[in-house]
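Data first, discussion second: the structure below is written as structure tokens.
Protein chains get the first letters and strands the later ones, always in sequence-line order, with residue 1 at the start of each. None of these values were measured; they are calculated from a predicted model.
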Amino acid sequence: MTPDPITKSFYARPTLTVAAELIGKVLVHETRAGIAAGMIVEVEAYIGEDDPACHAAPGPTKRNAPLYGPPGHAYVYLNYGIHNLVNAVTEAEGSPAAVLIRALEPLDGIELMQRRRSRGNGPVDLAGLCRGPGNLTQALGITLKQNRSDLSRGPLWIEDRGLSPGTASWSRRIGIRVGVERPWRCALVGHPAVSGRPPSPFGLRRAGK
DNA sequence: CGTTCGATGCACT
DNA sequence: GTGCATCGAACGT
């Protein structure tokens, strides 16, 4: 028996609550190629126009419109011209906030995911298959077509299989230049699929010309 | 080990 | 024209 997709009321709550409870849930994407799924092991919260790292910081734009839309929908966008990143919209309509899915433990469709991630070189090891927000969307075949899609209907959804994920803890968000101080990243302690970029002591990088 | 840098597309100013 | 919620190869130590 396959569990039903998590419904809208789950997402229509404070973003930090949703983020914490998404750990251990299962992200599933079904395409013509088949089903691919993994347990969520790492997320980050982006909350409101006051959060400088949130895409809603400049106020409503064409790009961030899904953040202002109904909770329980996907916000997918292209980053660095290469990577699709997937979020679950939270809170309420008009309250721009979302949870970024950063890493999964592969569960279903592993061969399919290997194929999608394969760069023609060697195979990707299991722990690295869905580690990092850009890698997991590639493995699941998530693209901009899934932007604004309803996560309670599919073909992209999140379900509760009653897994016992282990202990999660909060830390600083990764890979952003502003709003770094907010400890809004939630990840399973010691899980091999969690993306670990240790913070460099001098993270400043000057873009030369 | 560590850090740097190129690839790449699109929204935003 | 600029700047990313990234990734991984290519360096240096």
Of A/His83 and A/Asn64, the one whose nearest nucleotide on DNA chain B sits closer to the 5' end is A/His83

If I take atom OH in residue A/Tyr75 and atom C1' in nucleotide C/dC4, what distance separates them, rounded to the nearest angstrom? 11 Å

Salt bridge (Lys or Arg N to Asp or Glu O under 4.0 Å) filter on A/Arg115, not counting sequence neighbours, yields none

Quick one: which of C/dC4, C/dG8, C/dT6 gets closest to the side chain of A/Arg117? C/dG8

Name all residues meeting the side chain to side chain donor-acceptor pair (under 3.5 Å) criterion together with A/Tyr46; count only those two or more places apart in sequence or in a different chain, and write none if there are none. A/Glu44

Give a yes/no on whether any side-chain N or O of A/Arg63 is located under 4.0 angstrom from OP1 or OP2 of B/dT13. no

Output every pair passing side-chain hydrogen bond (donor to acceptor under 3.5 Å, both in side chains) with a member in residues 48-62 of chain A, not counting sequence neighbours, ordered by first then second residue. A/Glu49-A/Tyr68, A/Asp51-A/Arg173, A/His55-A/Tyr75, A/Thr61-A/Asn64

From B/dT13, C/dT6, C/dA5, nucleotide with atom closest to A/Pro58 side chain: B/dT13

Rounded interatomic separation in angstrom, taking CZ from A/Arg131 and P from C/dC7: 10 Å

With A/Asn79 via side chain to side chain donor-acceptor pair (under 3.5 Å) - residues at least two apart: none

Could you tell me the separation between the CG atom of A/Asn79 and the C1' atom of C/dT2, rounded to a whole number of Å? 14 Å

For the residue pair A/Leu22 and A/Ile158, establish whether any side-chain heavy-atom pair is separated by less than 4.5 Å. yes

Quick one: side chain to side chain donor-acceptor pair (under 3.5 Å) partners of A/Gln138, sequence neighbours excluded? none

Quick one: is A/Asn135 getting a side-chain N or O under 4.0 Å of the C/dG8 phosphate, OP1 or OP2? yes

Using atom C1' of each nucleotide, how far apart are C/dG8 and B/dC10 to the nearest Å? 22 Å

Among residues 85-98 of chain A, which ones have heavy-atom contacts with DNA chain C below 4.0 Å? A/Leu85, A/Asn87

Do A/Glu159 and A/Val28 have side chains that approach each other closer than 4.5 Å (heavy atoms only, starting at C-beta)? yes

Nucleotide pairing, DNA chain B (Watson-Crick or G-U, distances under 3.5 Å), in dot-bracket with [ ] and |: |||||||.||||.

Answer yes or no for this row: A/Tyr80 ring on B/dA7 base, centroids under 5.5 Å, planes under 30°. no

A/Thr61 has its side chain closest, among B/dG9, C/dT6, B/dA11, to B/dA11

Give A/Arg173 one of three labels, base, sugar-phosphate or nothing, depending on what nucleic acid heavy atoms sit under 4.0 Å from its own. nothing

salt_bridge(A/Arg131, A/Glu42) N-O dist < 4.0 Å: no

Atom OH of A/Tyr77 and atom C1' of B/dC12: how far apart are they, to the nearest Å? 15 Å

May I have the distance from A/Leu67 (atom CG) to B/dA11 (atom C1'), rounded to whole angstrom? 14 Å

Starting at atom CG of A/Leu78, determine the distance to atom P of C/dT6, rounded to an integer number of angstrom. 12 Å

Using the side-chain heavy atoms of A/Ile82, tell me which of these nucleotides is nearest: B/dT8, C/dA5, B/dC12. B/dT8

List the atom pairs, donor and acceptor, that lie under 3.5 Å between side-chain atoms in residues 163-172 of chain A and the rest of the protein, sequence neighbours left out.
{"unit_1": "A/Ser171", "atom_1": "OG", "unit_2": "A/Arg185", "atom_2": "NH1", "d": "3.2"}

Return each pair, listed once, that meets side-chain hydrogen bond (donor to acceptor under 3.5 Å, both in side chains) where at least one residue sits in residues 25-34 of chain A; pairs must be two or more places apart or across chains. A/Thr31-A/Arg116

